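Order of appearance sets the numbers: ligands from 1, and atoms from 1 within every ligand. Bear in mind the structure is a predicted one, so any value in this text is a computation, not a measurement.
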Amino acid sequence: MARKMGYENFVALGYRLMQRTDYDENHVAKFRAQVRDEVVPLCIELKRDQAKTLNLESMMAWDEPLYDPRGNPLPKGDHHWLVDQALGMFKSLGGGLDTLFSEMEQRQMLDLSSRPGKAGGGFCSDLPKFGLPFIFANFNGTKDDIEVFTHEMGHAFQNYCSRSKPLSDYVWPTSEACEVHSMGLEFLSWPQMGLFFGAEADRFCKIHLLSSIAFIPYGTAVDHFQHLVYQQPQASPGERAAMWHEMEKTYLPWRRWGDLSNEAGGRFWQGQLHIFVSPFYYIDYVLALVCALQFWDAAEKDRQAAMQQYFALCRRGGEAPFRELVDSAGLQSPFSRGVLEGMVHKARACMKT
Ligand SMILES: [Zn+2]
């Protein structure tokens, strides 16, 4: 496709298909270098602490999703209870989140529980003729259910706020900006987590932060790998496996696959759907996370002001490119030197308390 259109390879075309107009692969390459310098060393330290907490001499890849020997905290009720609690959460967050949530519930725009035969995953979409967003999820009684509530409602709320924009392209922003609304709400709803987890709310928040920080090098590894494979479409399967292996050594040096020969041979990337269906998407989660962490930081200083900043960002929809939206919300661009470093320091301090 890229060659027919006169590009040397798919990379630049991939950026254009993602509708990125105010940054390019050089910005992203510099950002990845900051991740290697600032985040990877912190994650090595955090993974060492996690292994100690789990009482493991050497932590294997399959141990990594567990953060606590007591098990990860679980929400304290069934599906109906969760929906009631979520309404309480959105009421105290303000801005009209509760009105939207109850309307979505009444008009059956929330398909949350898993059931036999239902497709996996979770997403938010919009049904413009119906005038409401729609959330699809697979609740299974774990802490992930709560993350889905806040994450997908962030998307839904932004979409609802922007539904009357004059151009349809403004109703959803580009995807890195979209994920600021969703991940931002995950962090802004921390004070409400007691509604779901009771006395274990703090434990939930720490794990949320820890897993978010641990995601940064993984998301960046996927992005780096995509650049390599799309620059070298002639690479053999073995060469692609070697490329991923190198990414794991660089960004996830603690990862141990043991006797899982497929993964140990550099083939874990094959399970990452985005690489095939939405090339170059993945860094968007990482860029958005750096912005969401800034909302978290701002809320700790002045919660009301941070919420207003957040609502104002949602109302702008996609009327500007990523960096302009971020700037207008009073946040710093993740590409600016020192921003990632600042967030990493704050996270480290929070996790050590
Ligand atoms: Zn999302």
query = Can you name the one residue among Phe157, Phe90, Tyr160 that meets ring-ring contact (aromatic ring centres under 6.0 Å, His included) with Phe101?
reply =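 Of all the options given, the one that passes is Phe90.
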Contact flag [X]/the Zn ion (ligand 1), N/O/S atoms, threshold under 2.8 Å:
{"X": "His155", "value": "yes"}
{"X": "Cys124", "value": "no"}
{"X": "Glu179", "value": "yes"}

inquiry  = Taking the basic N atoms (NZ, or NE/NH1/NH2) and the acidic carboxylate oxygens, is any pair closer than 4.0 Å for Glu246 and Lys249?
reply    =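 Answer for the salt bridge query: yes.
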ask   = Any luck finding a side-chain donor-acceptor pair between Ser328 and Arg316 under 3.5 Å?
value =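 Short answer, yes.
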ask   = Can you say whether the rings of Trp269 and Phe276 are parallel (under 30°), tilted (30 to 60°) or perpendicular (over 60°)?
value =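 Parallel.
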query = With the Zn ion (ligand 1) as the point of reference, which N/O/S atom of His151 is the closest?
reply =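 Relative to the Zn ion (ligand 1), the closest nitrogen, oxygen or sulfur of His151 carries the name NE2.
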